Protein chains: 2
Amino acid sequence: MAGGQRRRPGETREKLMTAALTLVGKGRHFASIGIREVTRQAGVVPTSFYRHFRSVDDLGLQLVDELGLVLRRMMREARENVLQADKLIEESVGIFVAHALANRNFFMFMAQGLAGESRAVQEGIRSEMRFFASELANDLRRLKLLEHLSDSDLDMTCDLVVRTVAFSLTDILSISPEDDYQIEQVRKRTTRFLQLILIGAGHWQSD
Amino acid sequence: MAGGQRRRPGETREKLMTAALTLVGKGRHFASIGIREVTRQAGVVPTSFYRHFRSVDDLGLQLVDELGLVLRRMMREARENVLQADKLIEESVGIFVAHALANRNFFMFMAQGLAGESRAVQEGIRSEMRFFASELANDLRRLKLLEHLSDSDLDMTCDLVVRTVAFSLTDILSISPEDDYQIEQVRKRTTRFLQLILIGAGHWQSD
DNA sequence: ACATCTAGTGAACAACTGTACACATTGAAA
DNA sequence: TTTCAATGTGTACAGTTGTTCACTAGATGT
């Protein structure tokens, strides 16, 4: 009974990536996941793995690429829904929290990868964050906000904002997704963090 | 030739913990380290492990306790050297960076543990950070800084400061310890982050 | 129609893993 | 001095791991 029946192209590849994310979502750390474990979770024979990835690290790298897409979707939604400047922070944080809950496994992978084992994955996630920060700087310029800041100071501010939000990720992911109260607490606190930062940016270099 | 010659009590225990940290320092992620690997690195037979720890997670928990000591040492040094308020941020960040470099492996373990596999280790590190933040709040009160802030707002600010510094950790640890230039860059950027935050705190609720 | 390529299968293997057990040595308590 | 708990060692074993190999069903290009 050997031999594979052809399905949709790339189907197994997707199954393997989803399987890895599922394991991460179950609490496993990506660095401790092995090939056999992923294929078992995906319902595929171990050998199949090598048809799509050279190693688990390779799979991780491709997950980072998909993570980039998730982040871009989130960014787009934020831009569509946050038109005027007031309530900007609250709405953005809300969208972020919603996406973090909806793509829990992806964001868990991201949080793990920041201090992960694979240097390449680490750098990939870092790079996504830099991109995110620079897009944020563009948006603020477009909205005519913080106009008194130099480019470099604006970049610094956006970097800090992104880091703060990323750290909140670990808060969100460490609590049960059904615990609405605690989620709400994190949402409020993150909002206050960002407000504090933007107030600081508003007075930066002007005193 | 079986049988153990008694050495200093707790010597093997220390050797095992140091071995785990060494592996982490070499780039391995704590979640992917096994018992045999630790004992091999420590130059000890695998069975010895069980004399001191129930599992690798257990070892992790005890590492968190030691991490607490490292953090307290750092805090004490900061309090001794930072007497007056001006230059407070720069000196504190300097001390932090120095300690991060001197105890690289410990801080790597910390950065990993924040999004690690063991819930207990995660919570332990989080708890250390909370403690650190509350001590920082005490110090600021003692120095008569940010006196216009309510207790809860001061806590929030200190939380944000600690998070920001913790995130800088991943920056420091991702660059080679000999790359003085890049270390200096991180030091400067972290300082600016904290200055921005404290400016924000200074104007919080007052406009 | 035919050859080729892609993506699947199962069996095999050596290396490594966690853990259990019986035993040895020692410092301190009795 | 005898006893004993603590801490070390060596051997053993069953289960898991990553990876190679030979094989095949179906899609694709000519």
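It should be emphasised that the depicted structure is a prediction, and the values quoted were computed from it without experimental measurement. Chain letters run A, B, ... following the sequence lines, proteins first and then strands; every chain starts at 1.
Residue A:Ser48 has a polar side-chain atom (N or O) positioned under 4.0 Å from OP1 or OP2 of C:dT9. Applying the 4.0 Å criterion to OP1 and OP2 of C:dA20, one finds that B:Tyr50 has every side-chain N and O outside that range.
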Check the pair A:Ser134, A:Arg130 against side chain to side chain donor-acceptor pair (under 3.5 Å), reporting the backbone distance first and the verdict last. CA-CA 6 Å; A:Ser134 76; A:Arg130 274 194 299 270; over 6 Å; no
Can you check salt bridge (charged side-chain N to carboxylate O under 4.0 Å, His left out) on B:Asp171 and A:Arg163, steps first, answer last? CA-CA 11 Å; B:Asp171 295 328; A:Arg163 281 157 182 260; 2.6 Å; yes
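Remark: C1' of C:dG18 and CG of B:Asp57 are 14 Å apart, rounded to the nearest angstrom. Rounded to a whole Å, the CZ atom of A:Phe49 is 13 Å from the P atom of D:dT20. Straight-line distance from the NZ atom of A:Lys15 to the P atom of C:dA7: 14 Å, rounded to whole Å. Between B:Ile35 atom CD1 and C:dC16 atom C1' the separation is 14 Å, expressed in whole Å. Rounded to an integer number of Å, the gap from A:His52 NE2 to C:dA7 C1' is 6 Å. Atom P of nucleotide D:dT16 and atom CD1 of A:Ile33 are separated by 17 Å, given to the nearest angstrom. Atom CG in B:Leu16 sits roughly 12 Å away from atom P in D:dT7 (whole-Å rounding). Note: CZ (B:Phe53) to P (D:dT7) measures 11 Å, nearest angstrom.
With C:dG18, C:dG10, D:dG10 as the choices, the nucleotide that has an atom nearest any side-chain atom of B:Val45 turns out to be D:dG10. Distance from the side chain of B:Thr47 is smallest for D:dT9 among the nucleotides D:dT9, C:dT19, D:dT19.
Using a 4.0 Å heavy-atom distance criterion, A:Arg40 is classed as a sugar-phosphate-only contact.
Each of A:Gly34 and B:Arg36 lies near DNA chain D, and the nucleotide nearest B:Arg36 is the one positioned closer to the 5' end.
Note that OG of B:Ser118 is 11.0 Å distant from CG of B:Leu59, once rounded to the nearest 0.5 Å.
Residue A:Arg54 qualifies as open at atom CZ: its count of foreign heavy atoms under 6.0 Å is 12 or below.
Ring-plane geometry between B:Phe96 and B:Phe107 is classed as perpendicular, the angle between the planes exceeding 60 degrees on a 0 to 90 degree scale with a lower cut at 30.
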